[in-house]
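Heads up: the structure comes next, in structure tokens.
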Amino acid sequence: MGYPKVTVNLKTIRENVKSVAKLLGEDIKIAGVTKVFCGNPEIAKAYIDGGVSYLADSRTENLRRLKDLDIPKIMLRLPMISEVEDVVQYADISLNSEIETIRALSEEALKKDRSHKIVLMVDLGDLREGYYEENDLFVAVEEIIKFEGVKLVGLGTNLTCYGGVIPTKEHMKKLARLKKEIENRFNVELEILSGGNSSSIHLLSNYKPESVNNLRLGESLILGTEAAYGKQLEGTRNDGFKLQVQIIEVKEKPSVPTGEIGRDAFGKVPTFVDRGVRKRMICAVGKQDIDFDTIYPLDEGIIIFGGSSDHLILDGTNSKIDYKVGDIVEFRMHYVSILRSMTSEYIEKELIY
Ligand SMILES: *Cc1c(COP(=O)(O)O)cnc(C)c1O
């Protein structure tokens, strides 16, 4: 197998899911979010083995990859009207906030003779998707219950994504109140109340809101971190995904470039700290495949200098290892680098069972 390579330890992922499920308790069902690994079905199976109740993704291409796994699937991103065919085909439930889209989903579901369920999103202040005004939500519900192709099954919210708003008891109480009010006013039963993403774990592991019964989790299953404060959760590991890259040049060079400094490959004027002559190691991977701010060398003696689209430059001066051309350097990654490396077709993926 070639390099660069991402290795995925499926046992780590499975154990992370089990630990998070234990922390949240039986009343909260987990929708395992697969978008960070592009809906790879083998990794999704590790989620299922760990105990998730749904799989969820923001792209229909990824949901399609999961089609043979027998578990309910959720479309996370508000559907484009142009993709309702695939949404109805590959998702059982979708998160929504626009009547026009829900009407199109309803028509498509009738055409295909499939059932499709709707969770309406409520914006509690983070200012991404969802109904912001309560009255708009009630008006929408009144319309949706008339559609014959879809069934309204729940409410959901998303926090700490755009606005960085941290979930509180008040947010969960408001969600629960809206659910009750809709049930009473429209004589429907909402089976799903989805209280957010990995940023809601911190709150819900200490406090059990009466009717929130679902979380949509990606980061916390992959890395074991809750996303409000970045804390590592009990019984989880953050090294299930690792990056391996090969060294293509090793040379002693100064730490400050010579000559007049203009712009770098990405149009920014770079600045440098003079550390004298260093052992510089170039690796064959770049910004096309990863994000330099979210990779962490397992060898703590290595410093990341930077790089460009296809080159990563490391400082190996302080390492105990005498790196040579052809050697492999290994990194732990955080969310953005996992996302980018799993998306990059230039990176080999190896699953460890
Ligand atoms: C990506 C996404 C999630 C998962 O977020 P994590 O922070 O990775 O847990 C949940 N809900 C929606 C709507 C998303 O787009």
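In each ligand, atom 1 is the first atom listed, and ligand 1 is the first ligand listed. This is a predicted model, so every value here is computed, not measured.
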Q: Fit a plane to each ring of Y229 and H202, take the angle between them on a 0 to 90° scale, and name the class: parallel (under 30°), tilted (30 to 60°) or perpendicular (over 60°).
A: perpendicular
Q.
Measuring from atom CZ of R128 to atom OG1 of T160, what distance do you get when rounded to the nearest 0.5 angstrom?
A. 10.5 Å
Side-chain donor-acceptor distances from residues 132-155 under 3.5 Å, at least two apart:
| unit_1 | atom_1 | unit_2 | atom_2 | d |
| --- | --- | --- | --- | --- |
| E134 | OE1 | R177 | NH1 | 3.4 |
| E134 | OE2 | R177 | NH2 | 2.8 |

N or O contacts of ligand 1 with protein under 3.5 Å, please list pair by pair.
| unit_1 | atom_1 | unit_2 | atom_2 | d |
| --- | --- | --- | --- | --- |
| ligand 1 | 8 (O) | E219 | N | 2.8 |
| ligand 1 | 9 (O) | S198 | N | 3.0 |
| ligand 1 | 9 (O) | S198 | OG | 2.5 |
| ligand 1 | 9 (O) | G218 | N | 2.8 |
| ligand 1 | 11 (N) | R216 | NE | 2.9 |
| ligand 1 | 11 (N) | R216 | NH2 | 3.3 |
| ligand 1 | 15 (O) | K35 | NZ | 2.8 |
| ligand 1 | 15 (O) | R128 | NH2 | 3.3 |

List the atom pairs, with distances to 0.1 Å, where a side-chain N or O of residues 69-80 and a protein N or O form a donor-acceptor pair under 3.5 Å, not counting sequence neighbours.
| unit_1 | atom_1 | unit_2 | atom_2 | d |
| --- | --- | --- | --- | --- |
| K73 | NZ | L66 | O | 3.4 |
| K73 | NZ | L69 | O | 2.8 |
| K73 | NZ | I71 | O | 3.4 |

Review item, side-chain donor-acceptor pairs of residues 265-278, under 3.5 Å, at least two apart:
| unit_1 | atom_1 | unit_2 | atom_2 | d |
| --- | --- | --- | --- | --- |
| D274 | OD1 | G276 | N | 2.9 |
| R278 | NE | D315 | OD2 | 2.8 |
| R278 | NE | T317 | OG1 | 3.4 |
| R278 | NH2 | D315 | OD2 | 3.0 |

Q. Atom CD1 of I192 and atom NZ of K117: how far apart are they, to the nearest 0.5 Å?
A. 7.0 Å
